[in-house]
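Below is one structure, written out as structure tokens; the observations come after it.
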Amino acid sequence: MRLDANAGIQGSKVRAALDGYRQMLTLVLGLPEQIEQARAIADRVDYGSVRRFDNVVVAGMGGSAIGGSVLRGLLGSELTLPIIVCRDYVVPAIVTRRSLFFAVSYSGNTEETLSAFEQARRIRCRVIAVTSGGRLAELAQRAGVPVVLLSAGLPPRAALGYLFVPLLVGLEQLRICRSYRQDLVEAVGLIRKNRRLWLNRARVLARVLDSRLPVVYSTSRLLDAVAERWQCQLNENAKVMCHVNALPEQNHNELVGIGAPRFLAQRTVLIALLDAATHTRTRLRLKHLLEMTRTGYYRAVQLESQGRSELARIFSLLMLGDMVSVELARRRHVNPMPVARIDELKRRMDWAGRKR
Ligand code: PA5
């Protein structure tokens, strides 16, 4: 009897995992359409009057913060003012009245982001909220600050188009950066054209990664956020650990540690993310690194970005990582949709907050 009951539970878990796989894959494949919708939503928002800003700050956590990292990578070679991504309760001292401050929380209820939002309001800098509702929408509307209101109901990490594009459009509207309209069009077209092909590649990669530790290296500052995204997606969708580092910095420390502890040596897969912006010397460094540490990992995979514009190139590798995470979830029979531990931790924190 007990065995049958267990088999029933197992069977329903497997079915839920498969349903979740289909849902998350549909969301991942729908990124181009989401980017287009996000552009239309953001174009209707009034981000306020044009003025000089000293810096741009994006406050958010997890799936809501990654858009800020992508923005920083994308504009790193163009903007002369710094973009800071704040993933904490406390905003850095660089936030002054002359900052442009985005508070980004898909749910609108993330306590770190709400705390940062309130501080930014007290500092009286230009604040813009990006959210699908919750407390952040309430507070922002009450304070009369611009709100980019997104449609609700998605896992935040599946809302990257909604969470990233409004930041870029805001910077365009405030004349902080040039127009990226054409680059977005190119990125959308590139993903549409290649998504099936990339999905096949992702299935092969997921097989290589199954039961191994992914170690993802970015080789250009343009791709740092992409490596970060690979990590978050592998963590949250596939429910596995993932380690991330960047070249050339890796050559000055982690290089020495490759292969230890020994039990990890043949259980690690190196994934190097490469781009046209990767310095030729960094490519040479990667070649030497792989030759020198061959016995330290199971396999090394080199992935080149595709596309003309930097934006399209970022999204080509980001999209592949999203697909790998979903395909790995399928192989592991885990449901990529829920993030039970994150929810549980938020519940515990909430309870602690009420008790105080
Ligand atoms: O992907 C997730 O669910 C998390 O990383 C969330 O994005 C994170 O916990 C912050 O929540 P929110 O995006 O609602 O502010």
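Since the model is a prediction, treat every value here as computed from it, not as a measurement. Start at 1 and go down the list; that is how both ligands and their atoms are numbered.
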Checklist entry - Hey, mind stepping through Q302 and L290 against side chain to side chain contact (heavy atoms under 4.5 Å, CB included) and telling me if it holds? => result CA-CA 11 Å; Q302 300 187 43; L290 297 179; 3.4 Å; yes
Checklist entry - In terms of side-chain geometry, is the basic nitrogen of E291 or K287 positioned less than 4.0 Å from the acidic oxygen of its partner? => result yes
Item to check | Pairwise side-chain contact, I271 with Y217, heavy-atom cut-off 4.5 Å (strictly under) | outcome: no
Next on the checklist: Does the Lys NZ or Arg CZ of R98 fall within the cation-pi geometry relative to F53 - under 6.0 Å from the ring centre and within 45° of the axis?
Outcome noted: no
Next on the checklist: Can you confirm if the NZ or CZ of R178 lies within 45° of the ring axis of Y180 and under 6.0 Å from the centre of its six-membered ring?
Outcome noted: yes
Checklist entry - Aromatic rings F315 and F164: how do their planes relate, parallel, tilted or perpendicular, breaks at 30° and 60°? => result tilted
Hey, what polar pairs (N/O, under 3.5 Å) does ligand 1 make with protein?
unit_1   : atom_1 : unit_2 : atom_2 : d
ligand 1 : 1 (O)  : E236   : OE1    : 2.6
ligand 1 : 5 (O)  : G63    : N      : 3.0
ligand 1 : 5 (O)  : E236   : OE2    : 3.3
ligand 1 : 7 (O)  : G63    : N      : 3.0
ligand 1 : 9 (O)  : K346   : NZ     : 2.8
ligand 1 : 11 (O) : T110   : OG1    : 3.0
ligand 1 : 11 (O) : K346   : NZ     : 3.2
ligand 1 : 13 (O) : S64    : OG     : 2.5
ligand 1 : 14 (O) : S107   : N      : 2.9
ligand 1 : 14 (O) : S107   : OG     : 2.6
ligand 1 : 15 (O) : S105   : OG     : 2.6
ligand 1 : 15 (O) : T110   : OG1    : 2.5

